[in-house]
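Only one structure is covered here, and it is reproduced in the block below.
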Amino acid sequence: MKQKYYYSVMACLDSTPEEDVVVINLSAFDEFGCEGIEEYNLDEAAIDNILGREAYLGAEIPNELIQKLEGKAGKVKYHFLTQDNANCFKDFLVGNKISCELEKNSWDDWNKKWKEHYKPIVVSPELKVIPVLNEEDFAREDDCIYIYPGMGFGTGTHETTYLCLKIFTDLFKNGFRPENCLDFGCGSGILGVAALKLTYANAIFCDVDRDALDNCKKNLYLNFDDKRLHGSSLILRERLKFPEGFDLVYANILENILLAEKDLIIGSLKKGGQLIVSGLLKDQEKDFLTKFNPDHRLEKVRTEISGDWCAILFEALT
Ligand SMILES: C[S@@+](CC[C@H](N)C(=O)[O-])C[C@H]1O[C@@H](n2cnc3c(N)ncnc32)[C@H](O)[C@@H]1O
């Protein structure tokens with residue numbers, strides 16, 4: 001049998017400002033088809049993990065362990081299914097003066113790696129996200145979102161996605177039952193799937209990326225049968241002209257895209273509709289609020305924070 005490979009780009013980002021790392025990470029997914037990121041941050045847990053018993057016992061740290069620690073600081077590994085995508089991403093990093101190396105890895109390690117990294121995520125008692133590596137491996141439960149891991153952005157492990165799910169489940173607990181939903185920048189479709197799982201809503205899944213829509217479709221059929229999907233659809237961004245009348249809109253995209261698309265995003269809401277915006281750093285919130293909602297068509301309801309990220313819930317006033 002022909003040997004299969006996947007490709008990783010190991011980048012050294014120790015002297016790259018954090019805002020730039022965020023943009024690089026999101027660009028890796030959005031523009032270069034990255035399938036997953038492994039970060040080697042030297043937080044306390046990571047250090048303990050590397051030092052193991054030595055740290056625990058307070059013993060002198062051997063030289064080779066110190067080198068290992070130093071070698072891992074600020075390194076980020078980006079995984080790709082094709083060499084072309086990995087090469088393009090590497091060129092992008094080199095163009096931004098970031099040192100990096102391309103690795104070719106045996107396909108046999110792929111599933112093993114995903115299994116190590118993707119554990120079920122409990123968003124709330126109402127909702128869990130379950131990675132599905134093997135279609136026979138799961139039973140369709142109503143409180144579970146099933147997602148193929150390794151299919152681009154939207155496996156629920158990223159804070160920006162998690163925050164949207166958290167806000168949505170809180171709304172749900174408070175009695176919110178949307179009849180329809182727009183998942184704008186749907187990626188894997190995880191956010192719209194949450195709305196379809198917990199309510200009787202229909203959803204429109206929209207993305208600029210055809211591959212994302214293909215992946216989203218696969219995830220939809222992983223979660224629902226044809227009957228439940230009746231009334232929902234997938235649409236490329238360029239075909240989504242003037243959507244309107246949505247009870248719930250999600251938009252988890254980079255700040256500059258949210259701003260560029262603000263008229264469409266805000267215009268798609270029904271009066272009283274709920275908009276969950278994510279993909280913002282905490283520090284960007286103030287400036288974003290001024291630029292995104294200059295004519296006060298929205299009322300900010302709350303901000304939810306996780307790590308450096310924030311997501312904002314708005315209600316449409318008009
Ligand atoms: C950060 S991912 C979010 C994926 C998923 N919604 C989630 O929350 O995990 C952003 C997605 O927005 C898509 N995107 C980027 N620009 C867009 C635009 N102008 N219109 C629609 N989708 C866009 C990207 O292709 C990507 O799939």
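Because only heavy atoms are used, hydrogens play no part in the values below, and waters and symmetry mates are left out as well, while side chains stay in. First listed ligand is number 1; within each ligand, the first listed atom is number 1. Fair warning: this is a prediction, and the values are worked out from it, not measured in the lab.
Heavy-atom proximity to Gly187, at under 4.0 Å, picks out these atoms of ligand 1: 4 (C), 27 (O). Those atoms of ligand 1 that come under 4.0 Å of a heavy atom in Glu261, given as number and element, are 18 (C), 19 (N), 20 (N). Remark: ligand 1 atoms within the under-4.0 Å shell around heavy atoms of Arg237 are 20 (N). Per-residue contacts place Leu191 under 4.0 angstrom from the following atoms of ligand 1 (heavy atoms of the residue considered): 6 (N), 8 (O). Contact atoms of ligand 1 toward Asp209: 25 (O) (distance under 4.0 Å to a heavy atom of the residue).
The side-chain contact (heavy atoms from CB on, under 4.5 Å) test with Ile235 singles out one residue from Asp207, Leu182, Ile204, Leu213, and that residue is Ile204.
In this structure, the ring of Tyr78 has its center no less than 6.0 angstrom from the ring center of Phe32.
Look at Cys186 and you'll find a heavy atom under 4.0 Å from some atom of ligand 1.
Considering all non-hydrogen atoms of both residues, Cys310 and Leu281 come closest at SG-O, 3.9 Å. Of all heavy-atom pairs between Leu102 and Lys90, the closest is CB-CD, 3.9 Å.
For a threshold of 3.5 Å applied to N or O pairs, the pair formed by Thr161 and ligand 1 contains at least one separation below that value. For ligand 1, the polar-atom distance check finds an N/O of Asn252 within less than 3.5 Å of one of the ligand's N/O atoms. The shortest N or O to N or O distance between Gly185 and ligand 1 is under 3.5 Å.
For Val208, heavy-atom contacts with ligand 1 shorter than 4.0 Å involve the backbone as well as the side chain. Within the 4.0 Å heavy-atom criterion, the part of Phe184 lying near ligand 1 is the side chain and not the backbone.
Rounding to the nearest 0.5 Å places CD1 of Ile312 at 9.5 Å from CG of Asn293. Distance CG/Leu26 to CD1/Ile37: 7.5 Å, rounded to 0.5 Å. The CG atom of Asp283 sits 14.5 Å away from atom CZ of Phe288, with the distance rounded to the nearest 0.5 Å.
Side chains of Asn219 and Ser188: no donor on one and acceptor on the other come within 3.5 Å.
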